[in-house]
Amino acid sequence: MSILIKNGRVVTASESYIADVYTEGEKIVAIGKDLNYQADKIIDATDKLVFPGGIDPHVHLDMPFMGTYSSDDYETGTRAALHGGTTMVIDFILQTQGDTLHNALKTWQEKSKKAIGDYSYHMAVTDFNDDVAKEVVQMIEDEGISSFKTFMAYKGALMIDDGQMVQLMKVVKKHGGLVTVHATNGDMIDSLIAKNRALGNMSPLYHYLSQPEVTEAEASARFADMLHYTDCPGYIVHMTCEGALNAVRKATQRNQKVFVETCTQYLVLDASLYKNDFEGAKWVMSPPLREKKDQVALWSGINQGLVQVVGTDHCPFMWEQKKMGKDDFSKIPNGHPAIEHRMELLFSEGVNKGKISLTKYVEVASTNAAKIFGMYPRKGTIAIGSDADIVIFDPNKEHTISVETHHMNCDYSGYEGFNLKGKTETVILRGQVAIENEDCLLKAGHGEFIKRGKTSKTVI
Ligand code: URP
Ligand code: ZN
Ligand code: ZN
Ligand code: ZN
């Protein structure tokens with residue numbers, strides 16, 4: 001299959017220019033003015049943007065969590081991602097405490113056979129010892145899994161203690177990988193949850209009030225200090241607030257490598273959505289939505305280069321699942337549906353409203369994730385030799401988000417009625433048309449596991 005994309009504005013993390021792009025097989029083969037190839041398919045991209053497929057490095061597909069499973073699996077989740085212009089996701093494998101990383105890997109390899117879009121995994125280490133240390137090395141050297149997720153919260157299920165954290169960092173540093181973290185103070189949050197429950201404060205509002213900014217700022221600073229002590233590179237997922245960002249700013253003054261991801265919801269939604277009724281369950285996620293001043297800090301953090309990546313933390317649950325916590329906020333499964341809307345929300349709220357530039361948009365939606373997670377330049381850019389993962393985007397098309405039209409397997413939207421300017425039109429994945437005229441043309445099983453290299457080879 002060959003495709004010739006004519007006259008679009010090609011945007012990368014560093015440039016924006018009018019050109020044609022020609023793909024053959026799975027790769028980009030030529031970029032230039034007035035290309036004259038006999039292609040199987042020609043796409044007129046006049047007045048459209050042509051940028052690299054989005055990479056969402058934070059999704060939870062078919063994940064066992066809080067007594068249930070997230071409602072998008074690899075097929076529905078990667079299809080919805082493609083509809084929104086995200087051609088690759090990185091999902092989280094969860095080690096069961098007391099069990100091996102390899103057993104967890106087998107479980108996720110089975111789940112991901114039906115992926116439509118490309119994918120990789122972060123390995124979540126929930127229990128660390130000498131045997132697991134050997135497995136960590138095998139993951140990096142043999143399996144192409146170079147990032148290790150840790151939780152400083154969710155005690156009893158996912159959390160590791162600081163001693164395990166430091167030992168893990170030492171092994172990962174030695175072998176060129178990256179430690180990523182859910183940085184919130186689990187003990188502090190658990191005690192606030194217990195206090196609110198004892199007082200009979202059971203609505204979703206108290207989910208928010210049990211995770212104040214300090215719980216995230218403290219854990220982010222502690223994580224940065226442990227990275228400093230071990231000289232390990234690190235990545236903080238789903239950062240929401242000014243206090244946590246200041247901890248990273250301080251770490252960068254010591255010339256540390258601490259990468260930061262925020263998520264679309266923290267940039268565009270705020271805590272005024274939590275009222276004293278059950279509606280707020282739509283946005284029960286951890287950390288919770290924050291304040292307007294935190295949105296300002298995050299957008300500035302993107303422009304200052306302190307925040308490198310915008311993901312989603314997509315972790316959808318049906319309304320019936322959310323109702324598991326209708327009498328107790330601590331039983332509401334944490335997470336919300338977002339995988340489909342990341343690129344369009346970030347474009348509409350960020351680029352169209354003048355908060356970030358077009359090149360910055362590509363950088364945080366695709367390129368930086370490819371670099372930090374060891375896939376660049378195969379993924380994350382429009383260049384000769386790169387995978388032909390391409391989005392053709394109409395920057396002027398207006399549309400409205402609704403559960404009626406979204407493709408995620410979730411029966412509500414946390415963005416219902418949100419008006420957007422800018423829409424994904426055509427999506428190409430490794431040289432094949434994936435999305436055209438609102439239809440997904442690829443089938444379950446098309447998605448490929450992308451073996452990743454070491455972070456130390458690409459950015460450090
Ligand atoms: O609420 C969230 N974030 N759910 C998914 C698990 C996690 O902490 O990322
Ligand atoms: Zn769509
Ligand atoms: Zn998390
Ligand atoms: Zn998450």
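Atoms considered below: every heavy atom in the structure, side chains included; atoms not considered: hydrogens, waters and symmetry mates. For ligands, and for the atoms within them, numbers begin at 1 and follow the listed sequence.
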Next on the checklist: Under 4.0 Å, counting heavy atoms only: does His336 come that close to any atom of ligand 1?
Outcome noted: no
Checklist entry - Heavy-atom distance to atom 9 (O) of ligand 1: which of Val59, Val237, Asp313, Val284 wins? => result Asp313
Checklist entry - Would Ser300 and Asn303 satisfy side chain to side chain donor-acceptor pair (under 3.5 Å), going step by step from the backbone distance to the final call? => result CA-CA 5 Å; Ser300 322; Asn303 283 317; over 6 Å; no
Checklist entry - Would one find an N, O or S atom of Cys315, in either backbone or side chain, under 2.8 Å from the Zn ion (ligand 4)? => result no
Checklist entry - Going by an N to O cut-off under 4.0 Å, is there a salt bridge joining Asp190 and Lys155? => result no
Next on the checklist: Looking only at distances, can you tell me whether any N or O atom of Ser286, backbone or side chain, sits closer than 3.5 Å to an N or O atom of ligand 1?
Outcome noted: yes
Checklist outcome for this item: In ligand 1, the atoms that come under 4.0 Å of a heavy atom of His238 are 8 (O), 9 (O)
Next on the checklist: Starting from atom 4 (N) of ligand 1, what is the nearest protein heavy atom, named by residue and atom, and what distance separates them?
Outcome noted: Asn334 O, 3.0 Å
Checklist outcome for this item: The closest protein heavy-atom partner of atom 7 (C) of ligand 1 is Tyr154 OH, 3.6 Å
Checklist entry - Crowded around Asp130 CG? As in, over 12 foreign heavy atoms under 6.0 Å? => result no
Next on the checklist: If you define the side chain from C-beta out and look only at heavy atoms, does anything of Gln265 sit under 4.5 Å from His238?
Outcome noted: no
Checklist entry - Does His314 reach the side chain of Cys263, with side-chain heavy atoms less than 4.5 Å apart? => result no
Item to check | For Cys315, atoms of ligand 1 separated by under 4.0 Å from a heavy atom | outcome: 5 (C)
Next on the checklist: Tyr415 and ring-ring contact (aromatic ring centres under 6.0 Å, His included): which single residue from His399, His406, His336 fits?
Outcome noted: His336
Item to check | side chain to side chain donor-acceptor pair (under 3.5 Å) between Tyr121 and Ser112, intermediate numbers included | outcome: CA-CA 10 Å; Tyr121 318 115; Ser112 54; 2.7 Å; yes
Checklist entry - Does any N, O or S atom in His60 come within less than 2.8 Å of the Zn ion (ligand 4)? => result yes
Checklist entry - By atom name, which N, O or S atom of Asp313 is the nearest to the Zn ion (ligand 4)? => result OD1
Next on the checklist: Please name the atom of His182, limited to N, O or S, that comes nearest to the Zn ion (ligand 3).
Outcome noted: ND1
Checklist entry - Looking at side-chain heavy atoms only, is the closest gap between Val136 and His175 below 4.5 Å? => result no
Item to check | Proximity to ligand 1 by part of Met285, non-hydrogen separation under 4.0 Å | outcome: both
